[in-house]
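Heads up, the thing below is written out as structure tokens.
On a predicted model such as this, the values are computed, not experimentally measured, just so you know.
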Amino acid sequence: MTTFRGFEQADFDVFTIDGLDERMTELKSRVSPKLQAIAETVEPTVSSLAGDEMFVHVAKHARRKTNPPNDTWAALASNKRGYKKLPHFQIGMWESHVFVWFAVIYESPIKGDFARQLKNNKQEILSHIPDHFVWSKDHMKPETISHVDMENGQFDELVDRLENVKKAEILCGQTFDRHDERLQDGETFIKACEETFETVMSLYNLTKQIQN
């Protein structure tokens with residue numbers, strides 16, 4: 001297994017390269033191996049916390065024919081064949097930042113049930129998730145919602161959307177600005193990933209109640 005030694009600014013600059021083939025070449029050689037190394041390193045911890053064996057999936061962007069990807073990621077899910085329909089964990093990056101979070105995205109068949117679980121456990125979730133964490137309603141966009149805003153009324157809006165909108169998603173975790181010093185040290189960032197996943201594991205546990 002490859003050891004992750006940290007991100008460099010050149011890793012983020014890959015997303016400024018013009019052309020699908022040109023950008024994909026650099027993604028595959030420079031960025032994807034680092035994301036895979038991170039995911040493989042944290043997998044034992046995530047599997048232990050989740051009580052499920054987790055498998056690493058690195059984004060291939062295989063469906064893209066014209067536009068180069070603006071972000072990329074590695075996912076951890078309890079199925080070796082795929083992750084998009086399952087509750088899962090992601091480590092990934094945009095040009096501006098790295099994200100580490102738990103995700104239920106639009107392909108998931110349990111979105112409605114999960115939304116109802118979130119409503120039923122609203123106060124516990126709002127008090128458990130730290131204020132410096134963020135949420136997202138669309139993994140295809142870099143914008144996030146601070147947990148403080150979730151406490152101030154955004155939670156209901158996001159969960160209602162998850163329940164009623166076909167393409168809705170919900171993600172929760174941390175983002176790290178590309179200049180954050182923690183990204184430059186492999187051990188420090190791995191620890192930050194594991195701590196993030198430990199915090200959002202309560203959300204994963206709610207999905208296990210649905211599936212069981």
Phe55 with Ile91, same ILVMFWY side-chain cluster at under 4.5 Å
no

Counting only heavy atoms from other residues, nucleotides and ligands, does the tally under 6.0 Å from CD of Glu187 exceed 12? no

The single option from Lys122, Lys137, Lys119 that satisfies salt bridge (Lys or Arg N to Asp or Glu O under 4.0 Å) with Asp160 is Lys119

field: Shared hydrophobic cluster, Ile170 / Leu206 (ILVMFWY, side-chain heavy atoms < 4.5 Å)
entry: yes

When the side chains of residues 102-109 are checked against the rest of the protein, which donor-acceptor pairs come out under 3.5 Å, sequence neighbours left out?
unit_1, atom_1, unit_2, atom_2, d
Ser108, OG, Ile110, N, 3.3

In short, Phe155 meets Leu126 closest at the heavy-atom pair CD1-CD2, 3.9 Å

Handout entry: Student check: side-chain heavy atoms of His179 and Gln9 closer than 4.5 Å
Key = yes

With the 4.5 Å side-chain cut-off for hydrophobic clustering, are Met54 and Met201 part of the same group? yes

**Asked** Should Leu171 and Val165 be counted in the same cluster of Ile, Leu, Val, Met, Phe, Trp and Tyr side chains packed under 4.5 Å apart?
**Response** no

key: Pro33 side chain reached by Thr2 side chain, heavy atoms, under 4.5 Å   = no

*Can you check whether Leu86 reaches Ser78 side chain to side chain, under 4.5 Å on heavy atoms?*
yes

Sorted by chain and residue number, the ring-ring contact (aromatic ring centres under 6.0 Å, His included) partners of His61 (sequence neighbours excluded) come out as Trp73

Aromatic plane relationship, Phe12 with Phe7 - under 30° parallel, 30 to 60° tilted, over 60° perpendicular:
tilted

Between Glu124 and Asn120, the two heavy atoms sitting closest are OE1-O, 4.4 Å

- Query: Taking atom CZ of Arg30 as the centre, does the number of heavy atoms from other residues, nucleotides or ligands within less than 6.0 Å exceed 12?
  - Reply: yes

- Message: With clusters defined by side-chain heavy atoms of hydrophobic residues (ILVMFWY) lying less than 4.5 Å apart, directly or transitively, does Ile145 cluster with Ile125?
- Response: yes

